[in-house]
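Notes follow once the structure below has been shown.
Below, chains carry the letters A, B, ... as their sequence lines are ordered, and counting in each starts from 1.
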Protein chains: 2
Amino acid sequence: MVTSRQVAQLAGVSQATVSRVLQGSLRVSGDTRQRVEAAMAQAGYRPHAAARAMRTRRSGTVGVVVADITNPFYPQLLEAVSHALDAAGQRMILWNAGGPSETSALEAIGEGSVDGLVFTTITEGSDPLEEALQQDQPVVLLHRGLESARCDQVTNDNVAGGRLVAEYLAGHGHERIAYLQGPELPSTSRHRERGFRERLAELGVALAPELTVRAHFSHDSARRAMRGLLDRQDPPTAVFCANDLTAFGAVDGALSLGSHVPEDVWVLGYDDIEMASWDSFDLTTVRQPIAEMARTAVELLLERIDDRSLSPRRRKFPSELVVRGSTARAPVPVRAVDR
Amino acid sequence: MVTSRQVAQLAGVSQATVSRVLQGSLRVSGDTRQRVEAAMAQAGYRPHAAARAMRTRRSGTVGVVVADITNPFYPQLLEAVSHALDAAGQRMILWNAGGPSETSALEAIGEGSVDGLVFTTITEGSDPLEEALQQDQPVVLLHRGLESARCDQVTNDNVAGGRLVAEYLAGHGHERIAYLQGPELPSTSRHRERGFRERLAELGVALAPELTVRAHFSHDSARRAMRGLLDRQDPPTAVFCANDLTAFGAVDGALSLGSHVPEDVWVLGYDDIEMASWDSFDLTTVRQPIAEMARTAVELLLERIDDRSLSPRRRKFPSELVVRGSTARAPVPVRAVDR
DNA sequence: CCTCGTTGTGTGTACGTATTCATGGAACGG
DNA sequence: CCGTTCCATGAATACGTACACACAACGAGG
């Protein structure tokens, strides 16, 4: 390995001068700078990251935690996060899967392996998060928020999104509406549900308890739940799913029973990931500006890394209903009118 | 930040002893060990990663490069890689997107930010890779290989996979077969095509040049290509796609023109990612053992990090045809018989 | 009782960088 | 021509850890 000291010797200067050239310091003559740069190129010099990190107390690396990278929502989020970090010259350490990863990520920040963390899948009652916040570590919550946490948070207006769906379904005359919930803890689940229920109630449409079913955020789980709903004697005419992935599961559940979407049942999702626009699903869904939210989260985090004294900021992005073929083809499902 | 020296003071021992406890060294009395551990817990001590990395010349981090994380194949690969790295106590830095990421990753290895690299999307003519190999840096190629590269490689037997598809289609009487190729450079593309063509030729089935079309590894690009094929006066009766993602695009392209799969046209993919088994696609495809390959790649890389003198190893995993509804429903497409 | 090996611990150092402080010379004003 | 300012550069140091080496205490074997 080539060190700055060796480069210095090669260029006939001191190690300090090499370091100055590396930092782009102004206190170096043009002549010297050229000699040093030539020496660096000739020797194939690369500064040693660990040594630099030790001296500067900065790793140049940011950690990102996702719950399930095979849920296609997260790759889209990660792509944008990754791009923003690249642009800022930061590296990205990725943690996947719920279990020990959260703790592991917070250990990493304690060890200085990362300068800050983006949590995309935080849930209530995370002790390690509390601890990190008490130590004033730079942390941003993206996608899922946490009311009680005093830290930067970037979320979608999930309550508003839920309301949009309620309004849309009620406005099209649906009366037997099912809600395919996600897990209990994530704020996204809770807020989407709250907005949905609120607005339905305001519009005088009942949400039958027996048509409210819970599924994991997975295709398979949603598919099963959907089959359960459609097997009823009084199946729903529309199903609002907690996110797009579960909506795909619902569509496939319907398909597996020979039901057609939207002729037999409307299906709606949330997120508007790319796959939602594929012909096979053509899914009506609530769009959240994924890339923009990711960029914002990175921006906030990098600011906070530079200045930990900033007071916590919350950015809530608007949601928008995107109507597609999973609801649009029939103005009102026949059975919804018949009943 | 708490240092080992402060812990030492708290425990009434020297810094060296704290370090020894940290390393699990045997040369520490039970009594001392307990005192030190208590002090570490009390002070909330975390060893400083950069300092440790500087001393040990190990970052405890591995880099992984993927071409496009929104291609659902890669999250599945990454999940397995990530899991294997977790189990080995290694962290994962992720690079996404083709452009500068390859170079950036190889810079990282030069700086000691990562101990080794997994490339999933290498292509012919990568200068930085050549350089890294000359410097004897630990590198493993996963998924895509490179004939010329003297390094560990973990691939699927893509030639055999291509042959399986050829045999299957020829065996079911298809005569107008289209091939929806991927990009030119990736070894996966080339090998799948080679096996496919070879076996078709052996079986005396022609692959019409006008039915061989090129698409990017994206849904949209494949969808367009498929529409082009189906718009012909003499459309194919079966389409073999370079991977599952493009097969989904092909299915959706057919759907968008009112064609039915498999009644009007058979569609086959490659990879057998999870989505291939979803009802909407129900895709016949060639399975490669993704998770097993990922585990193997990590294993080889960690071995090589420990011993760079190992001679390059190549592991080729078998492929297997998985027949599903995108081909199976009709034994032989009607039009294939008519012509 | 005197070696000698073993065990537990402390002292000192090196890893490679960024930065502070010191220094010598050039530029400049009077 | 001298004193002062400014600039380019070098010497020295600290970051926190792991480890080589030294050493004291101790028991065993002669």
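- The ring of B/His143 has its center closer than 6.0 angstrom to the ring center of B/Phe73.
- Side-chain N/O atoms of B/Thr32 include none lying less than 4.0 angstrom from OP1 or OP2 on C/dG8.
- Note on B/Arg91 versus A/Glu111: salt bridge recorded, some NZ/NE/NH1/NH2 to OD/OE distance being below 4.0 Å.
- Taking atom CD of B/Glu111 as the reference point, atom C1' of C/dT17 lies 13 Å away to the nearest angstrom.
- Side-chain nitrogen and oxygen atoms of B/Arg5 include none within less than 4.0 Å of the OP1 or OP2 phosphate oxygen of D/dG16.
- Put simply, CD on A/Gln9 is 17 Å from C1' on C/dT17, counting in whole angstrom units.
- The separation between B/Arg46 atom CZ and D/dT17 atom P is 11 Å, rounded to whole Å.
- Between B/Ser14 and C/dT11 there is no side-chain polar atom (N or O) within less than 4.0 angstrom of OP1 or OP2.
- Residue B/Val28 places its side chain closer to C/dT9 than to any other of D/dT17, C/dT9, D/dA11.
- OP1 or OP2 of C/dT9 lies within a sub-4.0 Å distance of a side-chain N or O belonging to B/Ser29.
- In this structure, the CZ atom of B/Arg35 is 14 Å from the P atom of C/dG8, given to the nearest Å.
- A/Arg27 comes within 4.0 angstrom of a nucleotide base, judged by non-hydrogen atoms across all strands.
- At a threshold of 4.0 angstrom between heavy atoms, the contacts of A/Val18 with the nucleic acid are absent.
- Rounded to whole Å, the distance from NE2 on A/His48 to P on D/dC15 is 18 Å.
- Heavy atoms of A/Thr17 sit under 4.0 angstrom from primed sugar atoms or phosphate atoms, though from no base atom.
- Which of C/dA18, D/dT17, C/dG10 sits closest to the side chain of A/Arg55 comes down to C/dA18.
- Using a cut-off of 4.0 Å between Lys/Arg side-chain N and Asp/Glu carboxylate O, A/Arg150 and A/Asp136 are scored as not salt-bridged.
- When all heavy atoms of A/Thr103 and A/Pro128 are compared, the pair lying nearest together is OG1-CG, 4.1 Å.
- Residue A/Asp31 contributes atom CG, which lies 18 Å from atom P of D/dC7 at whole-angstrom precision.
- When distances run from any side-chain atom of B/Arg57 to the nucleotides C/dG16, D/dG10, C/dT9, the shortest one goes to C/dG16.
- Side chain A/Gln15 to base D/dA11: no donor-acceptor pair is found below 3.5 Å.
- Base engagement by A/Ser19 is indicated by at least one non-hydrogen atom pair under 4.0 Å involving a base atom.
- No hydrogens or angles considered: nothing links the side chains of A/Asn158 and A/Thr188 as a donor-acceptor pair under 3.5 Å.
- Comparing A/Ala16 and B/Thr56, the nucleotide of DNA chain D nearest to each residue sits closer to the 5' end for A/Ala16.
- Positionally, the nearest nucleotide of DNA chain C for B/Arg33 lies more toward the 5' end than for the other of B/Met54 and B/Arg33.
- Note on A/Gln23: only backbone sugar-phosphate atoms sit closer than 4.0 angstrom, heavy atoms only; bases stay farther off.
- Atom-to-atom, CZ of B/Arg20 to P of C/dG10 comes out at 8 Å; the value is rounded to the nearest Å.
- There is no side-chain donor-acceptor pair under 3.5 Å between A/Arg144 and A/Gln153.
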